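Right, one structure below, let's go through it.
Below, all heavy atoms of this structure are taken into account, side chains as well, without hydrogens, waters or symmetry copies. Residue indices begin at 1 and follow the sequence shown. Computed from a predicted model, the values in this text were never measured in an experiment. As the structure lists them, so they are numbered: ligands from 1, and atoms in each ligand from 1.
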Amino acid sequence: MKALLTGGAGFIGQHVMRELLARGHEVRLLDSLRPDVHAAQNWKPPEGVELVKGDVRDKAAIDNALSGVEVVLHLAAKVGLGVDVGDLPDYASSNDAGTAELLAGMARAGVSRLTLASSMVVYGEGVGHCPEHGSVMPAPRLERDLAAGRFEPPCPTCGRPLATALVSENAPLDPRNAYASSKVAQEFYCSNWARVTGGSIAAMRYHNVYGPGMPRNTPYAGVAAIFTSALRRGEAPRVFEDGGQRRDFVHVRDVAAATVTACEKHRAGVRAFNVGSGTPRTVGEMAYALAEALDGPQPVVTGQFRLGDVRHITADSSRLQQELEWHPKVEFASGMAELASL
Ligand code: UD1
């Protein structure tokens, strides 16, 4: 297949590019090499891969990049939690206006298959299990509770502590920050486009992706990269809240394989797929694993919090395993050891 990969110079994008090439596909990249992400402006793709340097919001760049293409994988986006509300317009513009421009371009070019990089953050706090009220959706956590060290979101009806449940793709969408909102909007624009054009969408709801090439030392870096950088400086990883927040850390090569598999196999309709390793870990557990692998100082649990953070993000990725026959291969311990060794 001839594939257009947007955001192909990014962390996940480069792994997806390699996976496409390894499976014999022809790849063209569209990437703006935005300076806040790409310090090296002279980044070049490997031999045989064409790079269109341009922004997904630029109609001319889109038309140029789409010519002769059969499928699109849309990864170009502004990621992370953001620094403050001043980031809102950039999330809306980069992620949502950019996606709208891409979809309009695909309709003009007659390209009907899209794989979208979405995120687990679309579920907000997800689903919890109350001993009395069953499956419930926790409300956003209040600043006064977080400041008092009450990190677990309570049952919205009785206030009891909740057990965590795995979130399926059918759970209601409930974005809690600018990035999450922009990902939900992307999914909705894509569904609208698919209905009108008859196109297909696979929305890949990635968990916390880690591995070689992770962005470091930027306000948008993921926690695994932040901890690794701190340990390399000889400093202790600083674990927010009480360290008990759960995430599913999924290796970037597994994510790339899932993305390309969906691009190859999903050919009709709109379908969301959770992409996780299936084994949730706490952030504290990850900090200890990295500290041990790098032989660095023990983590410090700070009690700090970020208001837009959700407590637990743990999803059920069985749909992807059953329908697309994808299976994660990289174990947490070996993936963390690899990250530490880079
Ligand atoms: C991450 C991704 C997001 C993706 C989502 C999918 C990044 C920056 N964000 O969001 O793009 O859509 O996963 O699930 O990669 N923490 C610390 N110490 C720190 C920094 C963070 O303890 O120095 C904690 C945070 O409070 C949070 C957890 O680590 O509980 C994860 O934070 P982060 O890596 O920013 O990721 P998410 O917000 O989960």
Side-chain angles (χ1 to χ4, degrees), residues 7 10-13 36-37 75-83 87 91 94-95 116-126 141 146 151-153 164 166-167 173-184 186-187 203-211 213-231 233 235-252 255 258 272-277 280-291 299-317 339:
F11 162 46
I12 303 175
D36 58 346
V37 179
L75 273 67
K78 178 181 171 77
V79 300
L81 188 63
V83 177
D87 278 336
Y91 279 105
S94 301
N95 298 359
L116 173 72
S118 185
S119 166
M120 299 303 311
V121 291
V122 298
Y123 300 118
E125 208 63 70
R141 298 182 296 167
L146 296 169
F151 300 120
E152 288 295 338
T164 312
L166 295 184
V167 184
L173 305 184
D174 186 14
R176 299 278 165 94
N177 58 50
Y179 171 67
S181 302
S182 77
K183 284 283 148 187
V184 170
Q186 279 190 318
E187 287 201 20
M204 312 305 288
R205 294 179 179 161
Y206 298 152
H207 254 287
N208 291 61
V209 186
Y210 75 97
M214 274 189 99
R216 297 180 185 174
N217 308 324
T218 84
Y220 308 101
V223 66
I226 294 172
F227 288 173
T228 311
S229 300
L231 286 159
R233 292 192 303 267
E235 296 165 15
R238 298 178 64 78
V239 179
F240 297 162
E241 304 188 13
D242 58 2
Q245 56 275 45
R246 272 187 293 273
R247 293 292 188 276
D248 182 330
F249 297 98
V250 58
H251 195 276
V252 67
V255 167
F273 297 98
N274 293 338
V275 186
S277 72
R281 310 274 169 172
T282 66
V283 171
E285 220 178 308
M286 199 217 24
Y288 278 98
L290 283 173
V300 173
V301 177
T302 67
Q304 271 171 281
F305 59 87
R306 304 184 302 195
L307 207 48
D309 264 342
V310 294
R311 177 66 174 170
H312 306 296
I313 312 185
T314 53
D316 178 357
S317 303
L339 193 63

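- Ligand 1 places these atoms under 4.0 Å from at least one heavy atom of Met120: 14 (O).
- The N/O atoms of Ile313, backbone and side chain alike, include none that comes under 3.5 Å of an N/O atom in ligand 1.
- Under a 4.0 Å heavy-atom criterion, Phe305 is not in contact with ligand 1.
- The main-chain N or O of Ala315 is found under 3.5 Å from a side-chain atom of His207 such that the two form a donor-acceptor pair.
- Between Arg311 and Glu125, none of the side-chain N atoms (NZ, or NE/NH1/NH2) sits under 4.0 Å from a carboxylate O, so this pair counts as no salt bridge.
- Taking a cut-off of under 4.0 Å to the non-hydrogen atoms of Ser119, the atoms of ligand 1 that pass are 4 (C), 5 (C), 6 (C), 12 (O).
- Between Val283 and ligand 1, no N or O atom pair is found at a separation short of 3.5 Å.
- Of the heavy atoms in Lys183, none comes closer than 4.0 Å to ligand 1.
- Checking side-chain atoms of Asn95 against main-chain N and O of Ala77 turns up no donor-acceptor pair under 3.5 Å.
- For ligand 1 and His207, the ligand atoms under 4.0 Å from any heavy atom of the residue are 6 (C), 14 (O).
- The distance from the CG atom of Asp242 to the CZ atom of Phe151 is 5.5 Å, given to the nearest 0.5 Å.
- Atoms of ligand 1 lying under 4.0 Å from any heavy atom of Val239, numbered from 1 in the order shown and given with element: 22 (O).
- Distance alone, capped at 3.5 Å, is enough to place a donor-acceptor pair between the Arg141 side chain and the Asp309 backbone.
- Within the 4.0 Å heavy-atom criterion, the part of Arg306 lying near ligand 1 is the side chain and not the backbone.
- Judged by distance alone, the side chain of Ser118 and the main-chain N or O of Met204 form no donor-acceptor pair under 3.5 Å.
- Put simply, the side chain of Gln245 gets close to the backbone of Gly243: a donor and an acceptor are under 3.5 Å apart.
- With a 4.0 Å heavy-atom cut-off, ligand 1 is reached by the backbone of Tyr206 but not by any atom from C-beta on.
- The atoms of ligand 1 that sit less than 4.0 Å from any heavy atom of Arg238 are 17 (C), 18 (N), 19 (C), 22 (O), 23 (O).
- The main-chain N or O of Arg246 is found under 3.5 Å from a side-chain atom of His312 such that the two form a donor-acceptor pair.
- An N or O contact shorter than 3.5 Å is missing between Glu241 and ligand 1 by distance.
- Short contacts between ligand 1 and Ile226, defined as distances under 4.0 Å to a heavy atom of the residue, involve ligand atoms 20 (C), 23 (O).
- Residue contacts with ligand 1, taken as heavy atom pairs separated by less than 4.0 Å, involve Asp309 solely via side-chain atoms from C-beta onward.
- The option from Thr314, Asn208, Val122 that lies nearest to atom 14 (O) of ligand 1, judged by heavy atoms, is Asn208.
- Of all atoms in ligand 1, numbered sequentially from 1 with element shown, those under 4.0 Å from a heavy atom of Gly222 are 7 (C), 8 (C), 15 (O), 34 (O).
- Residue Met120 holds its CE atom at 4.0 Å from CG of Asn274, rounded to the nearest 0.5 Å.
- In this structure, the side chain of Tyr91 engages the main chain of Val79 through a donor-acceptor pair within 3.5 Å.
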